[in-house]
Trainee: 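Sharing a structure below in structure tokens format, with a few things to ask.
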Amino acid sequence: MNVRKNKLVSLAALGLAGGLALSACGGGSGETDGGNGGGSASDGGGAGDYASLTGNLAGSGASSAQAAQTAWTESFMGMVQAEGGDIQVTYDATGSGTGREQFLSGQVKFAGTDAALDEEELASSTEVCNGEQAFDLPVYISPIAVVFNLEGVDNLNLTPEALAGIFAGDITKWNDPAIADENPDADLPDQDIVPVHRSDDSGTTENFTDYLSQTAPDAWTHGPIETWPIEGGQSGDGTSGLISTVEGGNGTIGYADASQAGNLGVASIQVGEEFVDYTPEAAAKAVEVSPRAEGREENDIVMELDRTTTEEGVYPIVLVSYLALCGSYGDQATADAVKAYASYIVSEDGQQTAAENAGSAPLTPALSEDAQASIDGITAG
């Protein structure tokens with residue numbers, strides 16, 4: 001497994017969004033044998049070239065964006081079929097770490113990841129990317145919800161210090177003063193807290209622990225990590241596994257992409273002097289002024305995020321799921337198929353599809369244009 005410990009991976013995207021929804025997942029694997037794809041963000045991904053797309057295009061990665069990927073693959077294949085093409089696009093929600101591993105070993109042609117490719121991964125990508133380096137595109141932005149299941153408690157306020165103390169294992173009772181003082185109207189029991197973490201290499205974990213590390217470094221001393229650093233405790237494989245574990249207990253608390261919070265309680269998080277509920281709008285606001293990370297190639301769109309902001313209405317526990325693509329593919333058919341699908345994802349139509357099916361915040365036109373320019377630069381042969 002590719003374990004990336006104590007490494008800050010910067011990220012961001014821009015946008016606005018609507019309500020949250022829960023959707024199903026997709027999966028599969030295979031090689032690509034396509035025709036002339038391409039297209040632009042403005043026309044929904046190049047429908048005029050869809051007729052020549054055939055074969056299979058496989059991707060894998062972040063489970064946080066599985067609802068969006070399911071909607072994207074189904075919508076894209078429907079448009080291709082309507083134009084006379086016949087391509088199967090599959091996405092296996094293996095988790096960010098496994099998705100990057102499969103992409104970098106050539107098992108899949110694209111990866112979804114909640115943590116951008118790091119320097120070592122970018123360097124090694126030339127081996128499977130026809131001598132060119134891979135790059136990242138932000139395609140999905142969503143808040144990370146702090147979900148809990150505690151009988152008799154529907155609303156919960158948590159400070160960054162309390163949240164970090166819970167997951168560090170230092171705050172162990174629900175009626176601890178660090179929690180009770182901020183929840184005077186809640187009937188908090190003298191009951192053990194059961195923190196639930198991801199058991200797999202997870203970009204959601206890296207984003208969550210990045211928040212803990214930035215906002216409560218004295219309580220959370222492990223830094224931003226992708227693989228959970230504390231032995232023992234409850235865990236779940238993938239987003240669905242974590243949610244299932246939290247649902248199956250009493251006194252449990254975990255973290256997951258907000259689109260999959262379901263009927264669980266969701267904590268409000270202290271930002272400045274207020275406690276903020278998660279919404280796509282609040283998550284988007286946390287990143288809308290974030291600069292791009294320095295030291296990366298122009299086509300590699302990764303941005304910095306300050307999670308310590310105290311600006312009103314901001315929800316700083318947010319993830320951006322990236323699309324990892326090769327700068328060059330071994331044959332024109334594969335390159336065209338990848339370009340067509342990626343172009344649809346970053347298009348206005350593709351982003352609206354994700355917002356409607358997964359509650360994500362669509363990219364702004366400016367960011368979509370930058371992403372499309374990166375896609376247009378993919379070569380073949």
Side-chain angles (χ1 to χ4, degrees), residues 23-41 43-96 98-100 102-103 105-113 128-129 134-140 321-326 329-358 360 371-372 374-376 378 380:
S23 185
C25 64
S29 61
E31 294 300 318
T32 303
D33 181 15
N36 294 325
S40 67
D43 66 8
D49 298 318
Y50 286 167
S52 57
L53 295 177
T54 61
N56 300 307
L57 179 64
S60 68
S63 60
S64 59
Q66 67 181 28
Q69 283 284 0
T70 297
W72 285 329
T73 56
E74 292 178 353
S75 297
F76 178 73
M77 288 189 293
M79 291 189 297
V80 170
Q81 185 176 13
E83 293 294 322
D86 182 22
I87 190 169
Q88 293 294 314
V89 184
T90 57
Y91 181 80
D92 193 0
T94 58
S96 295
T98 301
R100 291 195 310 275
Q102 292 181 348
F103 172 67
S105 64
Q107 297 177 60
V108 296
K109 299 305 181 184
F110 66 91
T113 175
V128 294
C129 290
F135 61 93
D136 305 275
L137 298 178
V139 294
Y140 174 86
S321 196
Y322 291 92
L323 196 66
L325 303 172
C326 280
Y329 288 87
D331 61 88
Q332 192 66 50
T334 300
D336 288 341
V338 170
K339 291 170 74 172
Y341 182 56
S343 294
Y344 168 66
I345 288 177
V346 304
S347 73
E348 182 179 354
D349 287 348
Q351 287 293 297
Q352 186 60 35
T353 295
E356 292 172 356
N357 287 274
S360 57
Q372 186 61 52
S374 296
I375 295 167
D376 290 342
I378 293 173

Trainee: Which pair of heavy atoms, one from Lys339 and one from Asp376, lies closest together, and at what distance?
Mentor: NZ-O, 3.6 Å
Trainee: Determine whether the side chains of Gln352 and Glu348 contain a donor N or O and an acceptor N or O closer than 3.5 Å.
Mentor: no
Trainee: I'd like to check Trp72 versus Val139 (side-chain heavy atoms, cut-off strictly below 4.5 Å). Are they in contact?
Mentor: yes
Trainee: Say you draw a straight line from CG of Asp349 to OG of Ser75; how long is it, rounded to the nearest 0.5 Å?
Mentor: 9.5 Å
Trainee: For a side-chain contact (heavy atoms from CB on, under 4.5 Å) check, start with the C-alpha distance between Thr98 and Gln107, then their side-chain angles and the critical distance, and finish with the verdict.
Mentor: CA-CA 11 Å; Thr98 301; Gln107 297 177 60; over 6 Å; no
Trainee: Among residues at least two apart in sequence or on other chains, which ones pass ring-ring contact (aromatic ring centres under 6.0 Å, His included) with Phe103?
Mentor: none
Trainee: Are the side chains of Ile378 and Phe135 in touch, meaning some heavy atoms are under 4.5 Å apart?
Mentor: yes
Trainee: Could you work out, with side chain to side chain contact (heavy atoms under 4.5 Å, CB included) as the rule, every residue matching Ala380, not counting sequence neighbours?
Mentor: Gln332, Ala335
Trainee: When you look at Tyr322 and Tyr140, which way does the ring pair (Phe, Tyr, Trp, His ring centres under 6.0 Å) test go after all the steps?
Mentor: CA-CA 7 Å; Tyr322 291 92; Tyr140 174 86; over 10 Å; no
Trainee: Looking at side-chain heavy atoms only, is the closest gap between Tyr329 and Asp336 below 4.5 Å?
Mentor: no
Trainee: Please enumerate all residues that pass side chain to side chain donor-acceptor pair (under 3.5 Å) together with Thr353, with sequence neighbours excluded.
Mentor: Tyr344
Trainee: Using the test side chain to side chain contact (heavy atoms under 4.5 Å, CB included), find all partners of Glu74 that sit at least two apart in sequence or belong to another chain.
Mentor: Thr70
Trainee: Closest heavy-atom contact between Val128 and Ser105?
Mentor: CG1-C, 4.0 Å
Trainee: If I compare all heavy atoms of Met77 with all of Gln88, which pair ends up nearest, and what's the gap?
Mentor: SD-CA, 3.6 Å
Trainee: To the nearest 0.5 angstrom, please state how far the CZ atom of Arg100 sits from the CG atom of Asp136.
Mentor: 9.5 Å
Trainee: Using side chain to side chain contact (heavy atoms under 4.5 Å, CB included) as the criterion, list what pairs up with Ala62, not counting sequence neighbours.
Mentor: Ser64, Tyr91, Ser96, Asp114, Ser321
Trainee: Taking the side chain as everything from C-beta on, heavy atoms only, tell me whether Lys109 gets closer than 4.5 Å to Thr334.
Mentor: yes
Trainee: Taking the side chain as everything from C-beta on, heavy atoms only, tell me whether Thr90 gets closer than 4.5 Å to Thr73.
Mentor: no
Trainee: Would you give the length of the straight line joining atom CD1 of Ile345 to atom CD of Gln372, rounded to the nearest 0.5 angstrom?
Mentor: 11.0 Å
Trainee: Are Ile87 and Thr54 close enough that some pair of their side-chain heavy atoms sits under 4.5 Å apart?
Mentor: no
Trainee: Tell me the closest heavy-atom pair linking Gly59 and Val108, and the distance in Å.
Mentor: CA-CB, 3.9 Å
Trainee: Look up atom CD in Gln66 and atom OG in Ser60, then write down how far apart they are to the nearest 0.5 Å.
Mentor: 13.0 Å
Trainee: With a 4.5 Å cut-off on side-chain heavy atoms, are Leu137 and Leu325 touching?
Mentor: yes
Trainee: Any non-hydrogen side-chain atom of Ile375 less than 4.5 Å from a side-chain atom of Tyr341?
Mentor: no
Trainee: From Leu53 CG over to Gln81 CD, what is the distance, rounded to the nearest 0.5 angstrom?
Mentor: 13.0 Å
Trainee: Side chains of Gln102 and Thr94: do they bring a donor and an acceptor to under 3.5 Å?
Mentor: no
